[in-house]
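A note on names: the letters A, B, ... follow the listed sequences, proteins ahead of strands, and every chain is numbered from 1. Just so it is clear, the values below take in all heavy atoms, side chains as well, and ignore hydrogens, waters and symmetry mates.
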Amino acid sequence: MSGPTTGQVITRFAPSPTGALHVGGARTALFNWAFARHHDGKFILRFEDTDQNRSSDQSAQSILEDLQWLGIDFDQGPFRQSERLNHYNQHIDRLLADGYAYEDGGAIRFRMNSDVAFDDAVYGHIEVKARELEDFVIRKADGFPTFHLAVVVDDALMNVTHVIRGQEHLTNTTKHVALQDALAYARPVFTHTPTILNPDGSKMSKRDKAKAAREAARSWLKAHGDLEDLAKQCAQKCDKSMDAIADFIEKRTDDIEVGQAIAKVLEVSLPETEIEDFRSNGYLPDVLCNYLALLGWSPGNDVERFDLTFLKEHFGFDRINKSNAHFDREKLRAFNGGTIRQLPPGDWSAMLRSYMLESRPGQIEKLDDHFTLFADCYHERSQTLDDPTRLGKAFFMGNDQVEYDAKAVKKQLTRSNGEGLNSLRQLALQLDACNDWSPKAVDETITTFADKNGLGLGRVAQPLRVAVMGNAVSPPIGDTLVILGKVATLERIGRCLRLHSGNISPRHTGG
RNA sequence: GCCCCCUUCGUCUAGUGGCCCAGGACGUUGGCUUCUCAUGCCGAAAACAGGGGUUCGACUCCCCUAGGGGGUACCA
């Protein structure tokens, strides 16, 4: 083997800062990190910002933050290729002088005139004939090197021993190998990893979010028809004009801020494609790393839940797969939920608190001093940190803003001559008289009432649940009422009785 | 078009010639527990892309076909 096989292992993650870190990039970073750590080597971060038009400091900054959030630390860098032009120019001069490169319309091209072969740690021996290869640009007319030249020079100068990157670079590697040979640099070990695809087989990209938002908007318009109304509501959620929103829906722009506003208004969730999306939607970094690592790698022995420590102990090229993987959000959610459930209650509560403080300011106050009970209740009901506020959104509404689900109202309250409403009316009296507003006492009040009236608990608890929450789903009824508080409970019951007493339907509808 | 790569349940995967009439996980689904939801527990259905070889024996090796991904940029 021609590569540097002795000495310290050095890997690098080399993203181009042209946007936020996406799942594919994160997995590449993770693999490089895990390999370096496994071998007690060094892991370098390097921004490949040789495309002046598309690179931005803002992107670089967000990539840094996302890596940190994921728990991927590096030993050197971040380097920036835009600050290393002298190195590239020196090498280009050498290639020119040695006849490997020539000028062409303001640019410099490298001659590709012989067959190229190399060994990939995952894909094996790769060979390409000279007739398939073309001379390629190594310095653009703007004076910046191309990615190919910069990568080769930097990897050599930084003593990178192992290059781990996405499979889309497999063919590019012929160029890099030829360059390395011409510059008399040792070849690193190349390791290409399979691509992460959407469930439908398309490549994952941030455009997926725009697409999903647009589809949601269009189907809403189909049902409700009023573009102006939708645009107005969306304009309130972002600083875009109503025209900008119309442009987005008509696919004249892909402005993601508009997409997010639409998603907010229509209460749909956009597919996560970037690390910050997973973060803001309440996924745990460890779980995301775990799931990402499993896309293309596995430890064997039917093991699939593990942490970063396990990953760095067990990671190796020999268990990387060759075929592309579809990203399955359901499985990620299930993993995330599984990890949440295993958290000690105190940890979960603290984690939820800081998440809500950051992403839902003002919400926690509405819970008064029942936050811990709220957290406990949603511990086994949540797959993400966002679930408690989403599933329990009725807890955060004003008492006169509860929205009633028509089906639940009919089934639990108005059906059968308003059986549910009747028991609710009497139960309200008992609750009013209950002075110890604790889960235990409230539960007792309810079960006592049910027993006295010869009703199953379900016949009593369900109408009550609908009355206070708007639908038939919530944590155990005693907990639900305590989180809500006595005042809110009674107010909501009162409003519910007023709202629905006029709609009682008979036992037999004859339909 | 040309070149390179890939192909096990719907999805992620285990499997490196006999241990496999193929194992695990998510999802789907039946049941139990139950005030709803959820959790928990017990079951079920579900795959070696197709066709040729090689071999005593092929999911595992070779070839062809089909399907998928990537490259073919003065993007990375």
Side-chain angles (χ1 to χ4, degrees), chain A residues 14-18 25 48-55 81 104-109 120 122-124 126-129 131-134 136-148 150-151 165-175 192 194-197 199 201-203 291 294-305 318-319 321-335 337-338 341 377-383 387 391-392 408 411-412 443 446-447 450 455-466 469 471-478 480:
Chain A
S16 57
T18 55
E48 311 223 315
D49 55 351
T50 54
D51 183 337
Q52 295 183 88
N53 298 324
R54 299 198 307 144
S55 300
Q81 291 187 328
D104 174 26
I108 310 285
R109 276 181 195 277
D120 186 273
V122 171
Y123 291 97
I126 309 286
E127 250 181 71
V128 181
K129 296 276 174 238
R131 53 173 284 269
E132 301 299 336
L133 302 167
E134 290 176 347
F136 61 94
V137 171
I138 53 177
R139 184 164 69 197
K140 298 176 264 187
D142 69 2
F144 274 62
T146 58
F147 149 77
H148 304 296
V151 164
R165 64 196 353 175
Q167 185 227 50
E168 66 271 19
H169 291 300
L170 194 59
T171 323
N172 288 334
T173 304
T174 55
K175 298 184 173 95
H192 289 88
T195 309
I196 300 177
L197 305 170
S202 58
K203 192 166 180 177
Y291 182 72
L294 237 27
L295 254 27
W297 179 81
S298 78
N301 293 117
D302 292 339
V303 173
E304 55 175 17
R305 299 307 314 273
D318 52 329
R319 298 194 66 91
N321 290 325
K322 294 176 178 163
S323 52
N324 295 341
H326 297 74
F327 193 94
D328 180 359
R329 288 189 183 78
E330 281 307 310
K331 185 158 178 169
L332 205 213
R333 282 187 72 84
F335 273 25
R341 261 174 265 126
C377 282
Y378 282 99
H379 194 172
E380 67 182 18
R381 269 165 262 262
S382 296
Q383 291 189 307
D387 279 350
L391 301 171
K411 181 170 179 194
Q412 306 296 345
D443 266 338
I446 295 169
T447 45
L455 296 169
L457 193 50
R459 299 286 290 277
V460 178
Q462 284 303 79
L464 183 52
R465 201 177 324 257
V466 173
M469 300 296 280
N471 62 54
V473 178
S474 87
I477 194 67
T480 299

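For C6(B) and U60(B), the P atoms lie 15 Å apart once the distance is rounded to whole Å. Atom P of C32(B) sits at a distance of 15 Å from the matching atom of A38(B), rounded to the whole Å. Using atom P as the reference point in both A66(B) and U55(B), the two lie 28 Å apart (nearest Å). Comparing the same atom, C1', in C74(B) and in C61(B) gives a spacing of 46 Å after rounding to whole Å. Taking atom C1' on both nucleotides, C63(B) is separated from G27(B) by 37 Å, rounded to a whole Å. Using atom P as the reference point in both C9(B) and A49(B), the two lie 7 Å apart (nearest Å). Remark: the separation of the C1' atoms in G50(B) and C59(B) is 15 Å, to the nearest Å. G67(B) sits 16 Å from U8(B) when the C1' atoms are compared, rounded to a whole Å.
No hydrogens or angles were tested; on distance alone, a donor-acceptor pair under 3.5 Å links the side chain of D302(A) to the base of G23(B). On a pure distance criterion of 3.5 Å, no polar donor-acceptor pair joins the side chain of K322(A) and the base of C5(B).
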task = For nucleotides 34-49 of chain B, just jot down a letter per nucleotide in 5' to 3' order: B, S or -, based on protein non-hydrogen atoms under 4.0 Å.
result = -BBBBSS---------
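Rounded to an integer number of Å, the gap from NE2 of H192(A) to P of G71(B) is 12 Å. A straight line from CZ of F144(A) to C1' of A73(B) spans 18 Å, rounded to a whole angstrom. Remark: C1' of G70(B) and CG of L170(A) are 8 Å apart, rounded to the nearest angstrom. As rounded to whole Å, 18 Å separates atom C1' of U72(B) from atom NZ of K129(A). Taking atom CZ of R131(A) as the reference point, atom C1' of C4(B) lies 13 Å away to the nearest angstrom. One can place CD1 of I126(A) at 15 Å from P of C3(B), the figure rounded to the nearest angstrom. One can place OH of Y123(A) at 14 Å from P of G69(B), the figure rounded to the nearest angstrom. As a whole-Å value, the separation of E127(A) CD from C3(B) P is 15 Å.
Within the 4.0 angstrom heavy-atom criterion, base atoms lie near G105(A). Using a 4.0 Å heavy-atom distance criterion, R165(A) is classed as making no nucleic acid contact. In this structure, A141(A) reaches the bases: a heavy-atom distance under 4.0 Å links it to at least one base atom across the strands shown. Residue E168(A) is classed as a sugar-phosphate contact, given heavy-atom separations below 4.0 Å to backbone atoms only. Within the nucleic acid shown, N172(A) comes within 4.0 Å of at least one base atom, counting heavy atoms only. Within the 4.0 angstrom heavy-atom criterion, no nucleotide atom of any strand lies near D142(A). Nucleic acid contact for H169(A): base, since at least one base atom lies under 4.0 Å from a heavy atom of the residue. Heavy atoms of F335(A) sit under 4.0 angstrom from primed sugar atoms or phosphate atoms, though from no base atom. Residue contacts for T50(A): at a heavy-atom cut-off of 4.0 Å it reaches the sugar-phosphate backbone alone, with no base atom in range.
Looking only at distances, a side-chain donor or acceptor of R465(A) sits under 3.5 Å from a matching main-chain atom of P475(A). With N324(A) contributing its side chain and P194(A) its backbone, the two residues share no donor-acceptor pair below 3.5 Å. Between the side chain of S55(A) and the main chain of D51(A), a donor-acceptor pair closer than 3.5 Å is present.
A salt bridge does not link D120(A) to K322(A): none of the charged nitrogens lies less than 4.0 Å from a carboxylate oxygen.
Closest heavy-atom contact between R381(A) and P476(A): NH2-CD, 3.4 Å. Here the shortest heavy-atom pairing between P145(A) and A150(A) reads CG-CB, 4.2 Å. Closest heavy-atom contact between D49(A) and P17(A): CB-CG, 3.8 Å. Between F327(A) and L332(A), the shortest heavy-atom contact is CZ-CD1, 4.1 Å.
Nearest nucleotide to the side chain of K331(A), out of G27(B), C2(B), C12(B): C12(B). Side-chain proximity of N324(A) to the nucleotides G24(B), G69(B), U13(B) is greatest for G69(B). Taking every side-chain heavy atom of R109(A) into account, C74(B) is the closest of U7(B), C74(B), C26(B). If you check A76(B), C26(B), G69(B) against the side chain of T195(A), the one that comes closest is G69(B). Of all nucleotides listed (C2(B), C75(B), U11(B)), U11(B) comes nearest to the side chain of H326(A). Considering only the side chain of D328(A), G10(B) comes nearest among C74(B), G10(B), C3(B). When the nucleotides A14(B), U7(B), G24(B) are ranked by their closest atom to the side chain of E304(A), G24(B) comes out on top. Proximity note for S298(A) (side chain, C-beta onward) versus U13(B), A76(B), U72(B): the nearest is U13(B).
The neighbour count for R459(A) CZ, taken as heavy atoms of other residues, nucleotides or ligands under 6.0 Å away, does not exceed 12. Heavy-atom neighbours of K140(A) NZ from other residues, nucleotides or ligands within 6.0 Å: above the threshold of 12.
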request  = List the steps, then state whether side-chain contact (heavy atoms from CB on, under 4.5 Å) holds for F335(A) with E304(A).
outcome  = CA-CA 10 Å; F335(A) 273 25; E304(A) 55 175 17; 3.9 Å; yes
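A close approach under 4.0 Å does not occur between any side-chain nitrogen or oxygen of K140(A) and OP1 or OP2 of A73(B). Side-chain N/O atoms of N321(A) include one lying less than 4.0 angstrom from OP1 or OP2 on U13(B). In terms of phosphate contacts, R319(A) brings a side-chain nitrogen or oxygen within less than 4.0 Å of OP1 or OP2 of G15(B).
For L197(A) and E132(A), each mapped to the nucleotide of RNA chain B holding its nearest heavy atom, the one lying further toward the 5' end belongs to E132(A). For the pair V137(A) and F327(A), both in contact range of RNA chain B, the more 5′-proximal nearest nucleotide belongs to F327(A).
The pairing partner recorded for G43(B) is U29(B), the criterion being a Watson-Crick or G-U wobble arrangement whose two distances lie under 3.5 angstrom. Base pairing annotation: U72(B) forms a Watson-Crick or G-U wobble pair with G1(B), both donor-acceptor distances under 3.5 Å. G57(B) is unpaired under the criterion used here, namely a Watson-Crick or G-U wobble arrangement in which both key atom distances are under 3.5 Å. A 3.5 Å limit on both hydrogen-bonding distances identifies U7(B) as the Watson-Crick or G-U partner of A66(B). In this entry A14(B) has no Watson-Crick or G-U wobble partner, no candidate having both defining distances under 3.5 Å. Base pairing analysis places C20(B) opposite nothing; no Watson-Crick or G-U wobble pair with both distances below 3.5 Å involves it.
Interatomic distance, NZ of K331(A) versus CG of L294(A), reported as 6.0 Å (0.5 Å rounding).
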